[in-house]
Undergrad: 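Before anything else, here's the structure in question.
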Amino acid sequence: RPITIQDSGLVIVGESSRGETGTGSILFKDEGFSGSALIEASGAQGDRLSGLSITGITVDGRGRAGSGISLRRVGNAVLDTVIVDGNSDWGIAIDGGFLCSLRGVVAIRNGRFDGKTASGGGIQLSAETRECADCRIFDSYANKNRGWQLRLAAGDERKDRVVGLTVWACQIERADHNDERVPVVGIEATDRTTFFGCNFVQPKEKHGPCLQLGGSQGKSSVRDVAFVSCCVQYNGKLAAIKALPGVQSASF
C-alpha cells in the first residue's frame with residue numbers, strides 16, 4: 001500500500017543507482033497495489049509539510065496504478081538521485097510545492113498510452129491546491145514517458161500558476177506515444193520560469209511538438225518564460241514550438 005508521510009523533517013536515504021535501471025534501494029508496487037502514489041506526502045488536514053528529503057531511491061511502478069511520488073503542499077523538499085520508472089500516472093507529481101529541489105532525477109517509462117490518448121508522464125508541477133512557487137530542477141532526465149515528459153499546469157479548479165521555476169541542464173526527450181496533442185514539454189500556467197542549457201528532443205517518428213505553451217482549458221496563463229542556451233531537436237511533421245492562447249510573454 002502507499003507509504004504516507006504527514007510529518008515534517010523526514011529523511012529517507014537509499015543506496016542509489018544513477019541510470020535507467022535501478023540496482024540500489026528499490027521501492028516497488030507489488031501485485032494488487034492501489035493508491036494515488038507509492039510515496040504520498042501532504043500536510044495533515046490541509047496544513048503544509050516541510051523539510052522532506054529523499055535520496056538514492058528507485059521507485060519502480062511495475063506498470064501499476066498511480067504515480068511514483070506525490071507531494072502536495074510540501075515545502076523545502078529535496079529529491080536527490082531518485083529514479084521513478086513504470087508508474088501508470090506520473091513519475092513525480094508536485095502540487096502546491098514551494099522551494100522544492102529535484103537534483104539528478106530520472107523519470108522514465110511513466111504514464112499511459114492506449115494507442116490514441118496519452119496521459120500522465122514524467123514530472124508534473126501544478127497549482128491545484130495552492131500556488132507552486134520557487135522550485136528548481138537540476139541535472140535531471142525525463143525520457144520515454146508515455147505522456148508529457150514535463151508539464152506545468154494550473155490544476156482543475158484554480159487559476160494559480162507555477163511561479164519562479166528554474167530548470168537547469170536537463171535532458172527532456174523522446175515521448176513514447178503518438179498523441180499529437182501531448183508535447184514533450186507542456187507549459188500551460190507559469191510565471192517567471194527559466195530554462196537554462198536544456199535539451200528538448202522529439203524523435204523522427206513522433207509528431208507532438210517539443211514545446212507547447214499555453215492552452216489549458218481556457219485557464220492558462222504563461223508570462224515571462226525564458227529559454228536560455230537551449231537546444232530543440234525536432235523531426236516531426238508539426239511545429240517544434242507551438243504557442244496556444246494564453247501566452248503573454250516568452251523569450252528565446
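These numbers come from a predicted model, not from an experiment.
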Undergrad: Between Asn110 and Gly68 (side chain of the first, backbone of the second, donor and acceptor by atom type, cut-off under 3.5 Å), is there such a pair?
TA: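 Here the side-chain-to-backbone pair does not exist.
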Undergrad: With rounding to the nearest 0.5 Å, note down the distance linking CZ in Arg72 to SG in Cys132.
TA: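 SG of Cys132 is found 11.5 Å from CZ of Arg72.
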Undergrad: Does a salt bridge link Asp191 with Arg223, judged by any charged N lying under 4.0 Å from a carboxylate O?
TA: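 Counted as a salt bridge, because a side-chain N and a carboxylate O are separated by less than 4.0 Å.
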Undergrad: Spell out, yes or no, whether Phe138 and Ile94 are grouped together once hydrophobic residues are joined by side-chain heavy atoms under 4.5 Å, including indirect joins.
TA: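 As far as the 4.5 Å side-chain criterion goes, Ile94 and Phe138 are not connected within one cluster.
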Undergrad: Any side-chain to backbone donor/acceptor pair from Thr58 onto Ile26? Under 3.5 Å, distance only.
TA: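 Checking the backbone N and O of Ile26 against the side chain of Thr58, no donor-acceptor pair under 3.5 Å is found.
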Undergrad: Hey, does Val222 have a side-chain heavy atom less than 4.5 Å from the side chain of Arg161?
TA: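 SC-SC contact between Arg161 and Val222 ruled out.
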Undergrad: I'd like to know if the side chain of Tyr234 and the backbone of His207 have a donor-acceptor N/O pair within less than 3.5 Å.
TA: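 Here the side-chain-to-backbone pair exists.
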Undergrad: Measuring from Leu38:CG to Leu27:CG, what's the distance to the nearest 0.5 Å?
TA: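 One finds 6.0 Å between CG of Leu38 and CG of Leu27.
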Undergrad: For the CD1 atom of Ile172 and the SG atom of Cys210, what is their distance to the nearest 0.5 Å?
TA: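 The distance works out to 10.0 Å.
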Undergrad: Enter the distance from Leu52:CG to Leu79:CG here, rounded to the nearest 0.5 Å.
TA: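 The CG atom of Leu52 sits 7.0 Å away from the CG atom of Leu79.
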Undergrad: Would you call the rings of Phe196 and Trp168 parallel, tilted or perpendicular, taking 30° and 60° as the class edges?
TA: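 Phe196 vs Trp168 ring planes: tilted.
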Undergrad: Give the minimum heavy-atom separation between Asn87 and Gly61, together with the two atoms involved.
TA: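 What the structure gives for the nearest pair is OD1-CA, 3.2 Å.
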Undergrad: Side chains of Asp95 and Ser126: any donor to acceptor distance under 3.5 Å?
TA: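 The criterion, which ignores hydrogens and geometry beyond distance, is satisfied for Asp95 and Ser126.
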Undergrad: Start with the C-alpha gap between Phe98 and Arg130, add the side-chain angles, then the distance that decides, and say whether side-chain contact (heavy atoms from CB on, under 4.5 Å) holds.
TA: CA-CA 10 Å; Phe98 53 99; Arg130 65 181 299 277; 3.3 Å; yes
Undergrad: When you group the ILVMFWY residues by side-chain heavy-atom contacts below 4.5 Å and let the links chain together, are Val82 and Val13 in the same group?
TA: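 Looking at the clustering, Val82 is in a separate group from Val13.
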Undergrad: Find out whether Lys206 and Arg174 are in side-chain contact, i.e. whether some heavy atom of one side chain is under 4.5 Å from a heavy atom of the other.
TA: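 Heavy-atom side-chain distance check fails, nothing below 4.5 Å.
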Undergrad: Gly63 and Ser88: which non-hydrogen atoms are nearest, and at how many Å?
TA: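 Taking every non-hydrogen atom into account, O-CB, 4.0 Å.
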Undergrad: Under 4.5 Å between any side-chain heavy atoms of Asn145 and Trp90, yes or no?
TA: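 No, their side chains stay 4.5 Å or more apart.
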Undergrad: Check whether any side-chain heavy atom of Arg112 lies under 4.5 Å from a side-chain heavy atom of Asp89, and answer yes or no.
TA: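 Side chain of Arg112 against side chain of Asp89, heavy atoms only: contact under 4.5 Å found.
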Undergrad: Only one of Val59, Ile123, Leu102 forms a side chain to side chain contact (heavy atoms under 4.5 Å, CB included) with Ile69, so which one is it?
TA: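 Checked Val59, Ile123, Leu102 against Ile69; only one passes side chain to side chain contact (heavy atoms under 4.5 Å, CB included): Val59.
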Undergrad: Provide the closest heavy-atom pair for Thr190 versus Val225 in the form atom of the first, atom of the second, distance.
TA: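 Scanning both residues, the minimum pair turns out to be CG2-CB, 4.5 Å.
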Undergrad: Indicate yes or no: at least one non-hydrogen side-chain atom of Ser53 is less than 4.5 angstrom from one of Thr55.
TA: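 Counting from C-beta outward, Ser53 and Thr55 do come under 4.5 Å.
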Undergrad: If every non-hydrogen atom of Pro2 is compared with every non-hydrogen atom of Gly35, which pair is closest and at what distance?
TA: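 Reported closest heavy-atom pair: CG-CA, 3.9 Å.
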Undergrad: Is there a path of hydrophobic side-chain contacts, each under 4.5 Å between heavy atoms, that joins Trp148 and Leu125?
TA: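 They do not share one cluster, since no chain of ILVMFWY contacts under 4.5 Å joins Trp148 to Leu125.
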Undergrad: Using every non-hydrogen atom in the two residues, find where Phe227 and Leu211 come nearest and quote the distance to one decimal.
TA: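 Closest approach of Phe227 to Leu211, heavy atoms only: CE2-CD1, 3.8 Å.
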Undergrad: If two hydrophobic side chains count as joined below 4.5 Å and joins carry through other members, does Val184 share a cluster with Leu238?
TA: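 No, because Val184 and Leu238 fall into different hydrophobic clusters, even though each may have its own neighbours under 4.5 Å.
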Undergrad: Got a second to check how far Cys100's SG is from Ile92's CD1, nearest 0.5 Å?
TA: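 Spacing of SG (Cys100) from CD1 (Ile92) equals 10.5 Å.
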Undergrad: Show the numbers, then the answer: is there a side-chain contact (heavy atoms from CB on, under 4.5 Å) between Gln233 and Asn199?
TA: CA-CA 8 Å; Gln233 180 180 331; Asn199 291 325; over 6 Å; no
Undergrad: Does anything in residues 234-252 form a salt bridge (charged side-chain N to carboxylate O under 4.0 Å, His left out)? List the pairs, not counting sequence neighbours.
TA: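 Salt bridge (charged side-chain N to carboxylate O under 4.0 Å, His left out) check on residues 234-252 returns Glu180-Lys237.
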Undergrad: Compare all side-chain heavy atoms of Val74 with those of Ile5 and state whether any distance is below 4.5 angstrom.
TA: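 Of all side-chain heavy-atom pairs linking Ile5 with Val74, none is under 4.5 Å.
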Undergrad: The test is salt bridge (charged side-chain N to carboxylate O under 4.0 Å, His left out); show your working for Asp179 and Arg181 and say whether it passes.
TA: CA-CA 5 Å; Asp179 188 343; Arg181 298 164 297 180; 2.9 Å; yes
Undergrad: Shortest non-hydrogen contact from Ser140 to Val105?
TA: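 Smallest heavy-atom distance, with atoms named: OG-N, 3.0 Å.
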Undergrad: Could you list all the salt bridge (charged side-chain N to carboxylate O under 4.0 Å, His left out) pairs where at least one residue sits in residues 59-69, not counting sequence neighbours?
TA: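 Applying salt bridge (charged side-chain N to carboxylate O under 4.0 Å, His left out) to every pair that reaches into residues 59-69, excluding sequence neighbours, yields Asp60-Arg62.
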Undergrad: Indicate the ring-plane relationship of His177 and Phe113, choosing parallel, tilted or perpendicular according to the 30° and 60° boundaries.
TA: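 Tilted, since the angle between the ring planes falls between 30° and 60°.
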Undergrad: Sort out for me which residue in Thr194, Asp134, Leu152 forms a side chain to side chain contact (heavy atoms under 4.5 Å, CB included) with Leu165.
TA: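 Among Thr194, Asp134, Leu152, the one that satisfies the side chain to side chain contact (heavy atoms under 4.5 Å, CB included) with Leu165 is Leu152.
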Undergrad: Taking C-beta and beyond as the side chain, do Thr193 and Ile187 meet within less than 4.5 Å on heavy atoms?
TA: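 No; the side chains remain at least 4.5 Å from each other.
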Undergrad: Side chains of Gln212 and Leu244, heavy atoms from C-beta outward: is any pair under 4.5 Å?
TA: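 Yes. Closest side-chain heavy atoms under 4.5 Å.
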Undergrad: Kindly check if the number of other-residue, nucleotide or ligand heavy atoms within 6.0 Å of CG (Asp7) is above 12?
TA: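 Atom CG in Asp7 is not packed in, count stays at 12 or less.
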Undergrad: Quick check for you: to the nearest 0.5 Å, what is the distance between Thr129 atom OG1 and Asp160 atom CG?
TA: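 The OG1 atom of Thr129 sits 9.0 Å away from the CG atom of Asp160.
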Undergrad: Group every Ile, Leu, Val, Met, Phe, Trp and Tyr by side-chain heavy-atom contacts under 4.5 Å, then state whether Leu150 and Val182 land in the same group.
TA: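 No, it is not one cluster - the side chains of Leu150 and Val182 are not joined through contacts under 4.5 Å.
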Undergrad: With the threshold set at 4.0 Å, does a side-chain nitrogen-carboxylate oxygen contact exist between Arg109 and Asp85?
TA: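 Salt bridge between Arg109 and Asp85, a charged N being under 4.0 Å from a carboxylate O: yes.
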